[in-house]
*Asks:* 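Questions regarding the structure given below will be posed in turn.
What's counted below: heavy atoms across the whole structure, side chains too, no hydrogens, waters or symmetry copies. Bear in mind that the values here come from a model prediction, so they are computed numbers and not experimental data.
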Amino acid sequence: MAKKKKRNLWNALLLLLAVPIILYALPTGPISGVTGGFGEPTCSQAACPLGIALDSGPGSVAITVPGTYNSDETFSVTVTVSDPDQQRWGFELSARTLNGQQAGNLIPGTDGRSQLLSSSNGIQYIGHTVLGVRPGTTGGVSFDFMWEAPDVSAGTVIFHAAGDGANNDFGPSGDNIYKTEAMSEPPQVSGQPPSVNDGGIVHSADFSAAPVSPGLIASIFGTNLTKDGATELTFFGSDGKLATTLAGASVEVNGIAAPLFFASPGQINAMIPTELTGVNSATVEVTVDGQTSAPQTIFVDPSAPGIFTMDSSGIGQGAILHV
């Protein structure tokens, strides 16, 4: 009987000793698939070690990537997490094409502060290590690593990152999670006509390729989409309407000029014309300096809104700026 009691006490002691190991091992790296991109959760929506509140604190996360990339070249990437109230740090990042496929290869830095995490569905994830959390460091930190670019035929590459700012008490209370994204484009070829990527016309709200509806804001991704690589934001014409030409580019949907919000060499944000009614599909063409892209077909639904939300997933809390 005494031996049984002694054995039970020993088992209980082992269990108590195991608890801190389970808890405090978590900061050695985040779980995979929580960058907030392509409908993924962030640490505010899944069981993550360092935080719970999404973009609710005074800090931020930023990604520094090359504006353009060349095939198979290796570039430096920096993720910077900042928060004036925190003193423990973490991050996770992915690099994907616009259709959600892996883009290039992520390579951990030589300082031991970043590591490759478990891949999921062919997607690489890179995140912090136990050395990278730097407990007691106030204000913010940076994580430096490398990215080997894919062939330029992959088109626009979108980087998604979630950054953790924690108060170093090993619990989620009072911690913050921030998310962001950045893009890198293949080089623009002078004199070449604009080209729209296959499947490159999507909802601006969540980058989904679902049918569009009249009045919806769509994003058009491709190459050589503006004149001389220019970038321009929209303006209102003398008629009080949005411009239909930006940075030398115009967009027609079934021959109707689309109002434009933004134009850059790799992306144009346009409104699907409200006149587009009674059709199930439409063709989209981009014209730059007299050259027109090959027509791309989109499907049209009279009521298929794209909802802008806080985490850019199209679901959850709406991105409501004025109530």
Side-chain angles (χ1 to χ4, degrees), residues 20 22-65 76-96 106 108-109 111-118 120 124-147 158-183 308-313 316-321:
I22 294 171
L23 292 176
Y24 298 128
L26 286 173
T28 59
I31 63 175
S32 296
V34 289
T35 66
F38 290 92
E40 289 178 350
T42 66
C43 290
S44 66
Q45 301 154 322
C48 297
L50 292 180
I52 56 171
L54 177 62
D55 290 332
S56 64
S60 64
V61 59
I63 310 170
T64 303
V65 295
S76 297
V77 177
T78 299
V79 173
T80 301
V81 188
S82 60
D83 190 315
D85 301 330
Q86 308 294 28
Q87 53 180 318
R88 190 180 185 95
W89 313 95
F91 86 102
E92 181 172 311
L93 175 139
S94 63
R96 285 176 274 203
L106 297 167
D111 58 7
R113 291 171 174 169
S114 59
Q115 63 179 325
L116 287 178
L117 308 174
S118 298
S120 177
Q124 281 185 324
Y125 296 94
I126 193 168
H128 61 271
T129 63
V130 66
L131 185 64
V133 299
R134 284 163 276 186
T137 303
T138 58
V141 300
S142 292
F143 297 90
D144 300 306
F145 48 95
M146 307 298 290
W147 174 60
I158 183 168
F159 297 81
H160 290 102
D164 303 331
N167 57 18
N168 204 27
D169 68 354
F170 291 93
S173 179
D175 299 346
N176 293 315
I177 294 294
Y178 304 100
K179 67 183 288 289
T180 192
E181 63 185 45
M183 293 184 182
F308 287 85
T309 61
M310 293 300 294
D311 65 359
S312 301
S313 68
Q317 181 180 343
I320 301 169
L321 302 179

*Asks:* Going by the angle between their ring planes, with limits at 30° and 60°, are F159 and W147 parallel, tilted or perpendicular?
*Replies:* perpendicular
*Asks:* Counting C-beta onward and ignoring hydrogens, is there a side-chain heavy-atom pair between V79 and V61 closer than 4.5 Å?
*Replies:* yes
*Asks:* Once you round to the nearest 0.5 Å, how far does CG of L106 lie from CG of L93?
*Replies:* 6.0 Å
*Asks:* Please give me the minimum heavy-atom distance between G109 and S114, naming the atom from each residue.
*Replies:* N-OG, 2.9 Å
*Asks:* Could you check if a side-chain atom of P108 sits within less than 4.5 angstrom of a side-chain atom of L116, using non-hydrogen atoms only?
*Replies:* yes
*Asks:* Could you pull out the closest heavy-atom pair between A182 and V65, with the gap in Å?
*Replies:* CB-CG2, 3.9 Å
*Asks:* Please lay out, stage by stage, how E40 and T35 fare under the test side-chain hydrogen bond (donor to acceptor under 3.5 Å, both in side chains).
*Replies:* CA-CA 6 Å; E40 289 178 350; T35 66; 2.7 Å; yes
*Asks:* Does T78 form a side chain to side chain contact (heavy atoms under 4.5 Å, CB included) with I63? I'd like the steps, not just the answer.
*Replies:* CA-CA 6 Å; T78 299; I63 310 170; over 6 Å; no
*Asks:* If you measure only the distance, is there a donor-acceptor pair under 3.5 Å linking the side chains of Q87 and T138?
*Replies:* no
*Asks:* So Y125 and H160, side chain to side chain contact (heavy atoms under 4.5 Å, CB included) or not? Walk me through it.
*Replies:* CA-CA 10 Å; Y125 296 94; H160 290 102; over 6 Å; no
*Asks:* By side-chain hydrogen bond (donor to acceptor under 3.5 Å, both in side chains), which residues pair with D111, not counting sequence neighbours?
*Replies:* none
*Asks:* I'd like to know if the side chain of Y178 pairs up with that of D83 as donor and acceptor (distance under 3.5 Å, no hydrogens or angles considered).
*Replies:* yes
*Asks:* Enter the distance from Q124:CD to S118:OG here, rounded to the nearest 0.5 Å.
*Replies:* 12.0 Å
*Asks:* When rounded to the nearest 0.5 angstrom, what is the spacing between CZ in R88 and CG in N167?
*Replies:* 10.0 Å
*Asks:* Answer yes or no on whether R134 is positioned over the face of F143, meaning its NZ or CZ is under 6.0 Å from the six-membered ring centre and within 45° of the axis.
*Replies:* yes
*Asks:* For the side chain of T129 and the backbone of G112, is there at least one donor-acceptor N/O pair under 3.5 Å apart?
*Replies:* yes
*Asks:* Taking all non-hydrogen atoms of both residues, which atom of S142 and which atom of T80 are closest, and how far apart?
*Replies:* OG-OG1, 2.9 Å
*Asks:* Rounded to the nearest 0.5 Å, how far apart are CG of D144 and OG1 of T64?
*Replies:* 9.0 Å
*Asks:* Passes side chain to side chain contact (heavy atoms under 4.5 Å, CB included), M146 versus S76? Steps please.
*Replies:* CA-CA 5 Å; M146 307 298 290; S76 297; 3.7 Å; yes
*Asks:* Would you please say whether a donor-acceptor pair under 3.5 Å links the side chains of S32 and S120?
*Replies:* no
*Asks:* Any side-chain to backbone donor/acceptor pair from E92 onto G33? Under 3.5 Å, distance only.
*Replies:* yes
*Asks:* Could you check I126 against L117 for side chain to side chain contact (heavy atoms under 4.5 Å, CB included), going step by step and ending with a plain yes or no?
*Replies:* CA-CA 6 Å; I126 193 168; L117 308 174; 5.9 Å; no
*Asks:* Once you round to the nearest 0.5 Å, how far does CZ of R113 lie from CH2 of W89?
*Replies:* 13.5 Å
*Asks:* Would you say the side chain of D164 lies within less than 4.5 Å of the side chain of H128, judging by non-hydrogen atoms?
*Replies:* yes
